[in-house]
Amino acid sequence: MAEVEPFVVSLVREADPDRYLSVLYAPEDKRAALFALYAFNAEVAGIRDRVSEPLPGEVRLQFWRDVLTADAAPESAEGSPLAVALLNAIRSHQLPVQPLLDLLEARSFDLYDDPMPSRNDLEGYCGETASALIQLAGLVLDTPAAMRFSEVSGHAGCAQAIAGLLRMLPIHRRRGQCYIPGDLLDAAGTTRENLLNGQDRAGSARALAAMIALGRHHVARFEEGARDLPATLRPAFLPAGLSKTYLDRLEAKGEAALNEIVTLAQWRRHWLMFRHATKGWG
């Protein structure tokens with residue numbers, strides 16, 4: 001831990017406590033790279049919170065594109081502890097850059113209030129964000145094994161991202177954002193506008209239930225594929241391992257989840273991660 005930039009660690013601890021806990025189960029010589037990846041993700045995911053309109057957010061995303069493609073001035077990257085940590089992680093573990101560029105492209109969606117057209121679009125967004133991060137973390141931990149479990153990474157990331165988007169639903173509604181796909185809203189007999197303005201609570205509750213069901217589908221596929229997951233890869237999947245419990249809590253909240261952020265007690269998150277880290281998903 002002494003070799004990890006304190007700023008990077010604190011960013012993950014504050015912005016992404018689930019991933020922070022998961023890193024503590026990784027071998028010490030892998031933690032710096034994992035913290036760098038997760039801090040980069042937290043920084044990019046939080047851009048919408050720090051800007052009042054899309055253009056400054058796009059400028060920030062372009063900075064990271066330049067860092068990753070070596071178009072940024074060296075002094076610019078060196079002036080950012082996170083950029084230095086990320087580039088060190090990429091070099092040390094020979095990580096592919098394209099998934100990080102794809103993540104930036106996907107995160108551009110967050111800056112706007114555009115509708116999510118379909119389930120396929122949502123799963124693509126999840127794949128390029130949460131799933132890609134799991135795959136990259138797996139490459140840090142155990143490259144040969146990570147290549148064998150790429151499909152599991154896909155489902156794990158979708159489960160984790162869907163649970164996370166549903167937990168953030170109250171915040172997204174206040175912003176005028178809706179990540180629930182249009183085809184699920186249609187099937188629920190409601191609209192994006194009604195979900196945002198709260199005029200069709202029954203329809204919104206049905207749409208919420210449909211998203212929970214989609215999340216559970218990916219949880220089931222993830223857990224089925226993770227039965228043979230080697231212990232070396234488990235830390236990468238630990239945050240996704242909380243998805244089922246988050247979805248259970250969301251389902252229990254029902255309509256209230258439209259306005260209340262669902263959380264888990266810290267002891268519960270610790271216990272679930274410890275159980276999966278030591279026993280896996282078998």
Backbone N or O of [Y] within a donor-acceptor pair of the [X] side chain at under 3.5 Å?
| X | Y | answer |
| --- | --- | --- |
| S10 | F7 | yes |
| S153 | F149 | yes |
| R173 | L195 | yes |
| R31 | L24 | yes |

Review point. So F222 and F237, would you call those rings parallel, tilted or perpendicular, with 30° and 60° as cut-offs?
Key: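 The arrangement is parallel - the two ring planes meet at less than 30°.
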
Review point. Hey, mind stepping through D248 and T245 against side chain to side chain donor-acceptor pair (under 3.5 Å) and telling me if it holds?
Key: CA-CA 5 Å; D248 289 344; T245 306; 5.1 Å; no

**Study point:** Where at least one partner belongs to residues 187-203, residue pairs that pass salt bridge (charged side-chain N to carboxylate O under 4.0 Å, His left out), sequence neighbours excluded
**Key:**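 Salt bridge (charged side-chain N to carboxylate O under 4.0 Å, His left out) check on residues 187-203 returns R201-E255.
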
Practice item. Identify whether W281 and V219 are in the same connected component of the hydrophobic contact network (ILVMFWY, side-chain heavy atoms under 4.5 Å). Key: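 No.
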
Review point. Under the ring-ring contact (aromatic ring centres under 6.0 Å, His included) rule, what pairs show up with a residue in residues 172-218, not counting sequence neighbours?
Key: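 Sorted result for residues 172-218: F109-Y179, Y125-Y179, H155-H218, H172-Y179.
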
Exercise for review: Could you please spell out the steps behind the side chain to side chain donor-acceptor pair (under 3.5 Å) verdict for D18 and Y246?
Suggested key: CA-CA 12 Å; D18 290 349; Y246 278 128; 2.9 Å; yes

Exercise for review: Validate the cation-pi geometry between R60 and F63: distance from NZ or CZ to the six-membered ring centre under 6.0 Å, angle to the ring axis within 45°.
Suggested key: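 Judged by the rule (NZ or CZ under 6.0 Å from the ring centre, within 45° of its axis), R60 counts as positioned above F63.
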
Check your understanding: Going through the checks in order, is the side chain to side chain donor-acceptor pair (under 3.5 Å) test met by E58 and Y112?
Key -> CA-CA 10 Å; E58 293 286 10; Y112 302 88; 2.8 Å; yes

